[in-house]
2 protein chains.
Amino acid sequence: MPPRDLSNQPCPIRDVLDRIGDAWSLLVLLELSNGPCRFNALRRVVDGISQRMLSVTLRQLERDGLITRTVLPLSPPQVEYAVTDLGTGLISRLEPLRDWATTHQPAVWEARARYDARQAAPIAEGAA
Amino acid sequence: MPPRDLSNQPCPIRDVLDRIGDAWSLLVLLELSNGPCRFNALRRVVDGISQRMLSVTLRQLERDGLITRTVLPLSPPQVEYAVTDLGTGLISRLEPLRDWATTHQPAVWEARARYDARQAAPIAEGAA
DNA sequence: CTGAATCCGGATGGATACTG
DNA sequence: CAGTATCCATCCGGATTCAG
């Protein structure tokens, strides 16, 4: 994603992609679609995400109005994140994508293997 | 997207995202959904993409079996790219996403503006 | 517990020049 | 026309450290 001039007339697709394209956002969003969740709980379930990226990701999602951040005034401070209606709308478009990915991952892998095999031996395909 | 060990058990979502998450792939794919296209033609229509990234992107899409690459044996060499059935399936899941992006971009922008305003003046919301 | 700030290595991606 | 190779600035993102 080149810097470009996003403040002017960015194509909307680029705009969404810049949001979910970082991979973490999508994962967090899909996780939150199961219901509200707290910071460290997310941290555990997303698995692999660093504290920093979770923090950054959540802030971006909140900024874009896709999730809400609620601070529970408790002795050990708790913060709960939940998807908004806007976020729900996006998620509903994301789920088919996830399902496609799950279903067709084998096909993609096979295509890759075939491609790589072709590249490995581009000459003399009938050779001994 | 952290390196991780993708060769083992990557979640499929991560796998797709790594493909379309680079933003260019999605743009190119959606463009090709309108019909086959040649290199420089794509270069012009995608707008903003560098020669290098178009080349890299096309190769990845071909590797994953989402598009085909056909070399026409002509005096000025021509190469035509076209989506495969697999690619078509993915595109059909992508289009709702694009449409959502187009429709709700204003809402996202408003959310951002509100968030930024809140951050700029977190204190004294009823002041002056 | 939740989160921000800093440091820093590695990957990303643009510009350019060259090839078939 | 359709790329590939190199160079290099930038950004992403992990680890660590500190704060509320």
Side-chain angles (χ1 to χ4, degrees), chain A residues 1-6 10 14 17-28 31-32 36-63 67-82 115 119 122-123, chain B residues 1-6 14 17-28 31-32 36-63 67-82 115 118-119 122-123:
Chain A
M1 341 133 181
R4 288 276 118 197
D5 193 347
L6 294 176
R14 257 322 245 297
L17 258 293
D18 285 349
R19 174 83 316 111
I20 64 165
D22 58 46
W24 292 127
S25 297
L26 178 50
L27 260 5
V28 170
E31 186 51 44
L32 282 177
C37 201
R38 283 171 45 200
F39 191 85
N40 276 353
L42 275 173
R43 193 151 137 66
R44 271 185 298 274
V45 70
V46 172
D47 177 59
I49 194 169
S50 68
Q51 189 184 31
R52 174 186 144 83
M53 286 319 295
L54 180 55
S55 178
V56 170
T57 300
L58 287 170
R59 209 182 319 141
Q60 286 180 335
L61 290 174
E62 186 198 358
R63 186 169 105 101
I67 66 173
T68 59
R69 177 178 182 273
T70 311
V71 181
L72 288 316
L74 301 174
S75 47
Q78 293 190 2
V79 182
E80 197 167 74
Y81 295 92
Y115 183 93
Q119 299 309 311
I123 359 126
Chain B
M1 341 135 182
R4 288 277 117 200
D5 195 348
L6 294 175
R14 256 325 241 295
L17 257 293
D18 285 349
R19 174 83 316 109
I20 66 165
D22 58 45
W24 292 126
S25 298
L26 177 51
L27 260 4
V28 170
E31 186 52 44
L32 281 177
C37 201
R38 285 169 43 200
F39 191 86
N40 277 351
L42 276 173
R43 195 153 136 65
R44 272 186 297 274
V45 69
V46 173
D47 176 61
I49 194 170
S50 68
Q51 190 182 32
R52 175 186 143 85
M53 287 317 295
L54 180 55
S55 178
V56 170
T57 300
L58 287 170
R59 208 182 318 141
Q60 285 179 334
L61 291 174
E62 185 197 0
R63 187 168 104 101
I67 66 174
T68 59
R69 177 178 182 275
T70 311
V71 180
L72 288 317
L74 301 173
S75 48
Q78 294 190 3
V79 182
E80 197 168 75
Y81 295 91
Y115 183 92
R118 243 179 296 139
Q119 299 309 311
I123 0 127

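Predicted, not measured: the structure shown is a model, and the values here were computed from it. We name chains A, B, ... by the order of the sequence lines, and we start the count at 1 in each one.
- Atom CG of residue A/L58 and atom CE of residue A/M53 lie 10.5 Å apart, to the nearest 0.5 angstrom.
- The side chain of B/Y81 contributes no N or O atom lying less than 4.0 Å from OP1 or OP2 of D/dC1.
- We find that CZ of B/R19 is positioned 14 Å from C1' of C/dT12, with the value rounded to whole Å.
- In this model, the phosphate group of C/dT2 is approached by a side-chain N or O of A/R38 to a distance below 4.0 Å at OP1 or OP2.
- Distances from the side chain of B/N40 to the nucleotides C/dA15, C/dT6, D/dC1 place D/dC1 closest.
- For the pair A/E80 CD and C/dT2 P, the computed distance is 10 Å after rounding to whole Å.
- Between B/Y81 and B/L32, the shortest heavy-atom distance links the atoms O-CD2, 3.5 Å.
- Backbone-only contact: B/R59 has heavy atoms under 4.0 Å from sugar-phosphate atoms and none from a base.
- One can place CG of B/L54 at 14 Å from C1' of C/dG14, the figure rounded to the nearest angstrom.
- Considering only side-chain atoms of A/D22, the nucleotide from D/dG13, D/dC1, C/dG13 that sits closest is D/dG13.
- Rounding to whole angstrom units, CG of residue B/L27 and C1' of C/dG13 are separated by 15 Å.
- Across the interface with DNA chain D, nearest-nucleotide mapping of A/R52 and B/L58 shows B/L58 to be the residue nearer the 5′ end.
- One interatomic measurement links the two molecules: CG of B/L74 to C1' of C/dG20, which rounds to 15 Å at whole-angstrom precision.
- For B/I67 and D/dA2, the CD1 to C1' distance is 14 Å, given to the nearest whole Å.
- A donor and an acceptor atom sit less than 3.5 Å apart, one in the side chain of A/Q51 and one in the base of C/dG3.
- Between A/I49 and A/V28, the shortest heavy-atom distance links the atoms CD1-CG2, 4.4 Å.
- Protein atom CD of B/Q60 is 12 Å distant from nucleotide atom C1' of C/dG13, rounded to whole Å.
- Among the atoms of the strands shown, only primed sugar atoms or phosphate atoms (P, OP1, OP2) are found under 4.0 Å from some heavy atom of A/R69.
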Let me see the working for A/D22 and A/Q60 under side chain to side chain contact (heavy atoms under 4.5 Å, CB included), right down to the final yes or no.
CA-CA 11 Å; A/D22 58 46; A/Q60 286 180 335; 3.9 Å; yes
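- One interatomic measurement links the two molecules: CZ of A/R63 to C1' of C/dG3, which rounds to 19 Å at whole-angstrom precision.
- Applying the 4.0 Å criterion to OP1 and OP2 of C/dA4, one finds that A/S55 has a side-chain N or O inside that range.
- For the pair A/E62 and B/R118, the tightest heavy-atom approach, listed with the atom from each and the gap, is OE2-NH1, 4.4 Å.
- Summary of the strand contacts: A/P77 and A/M53 both lie near DNA chain D, and taking for each the nucleotide with the nearest heavy atom, the more 5' one is attributed to A/M53.
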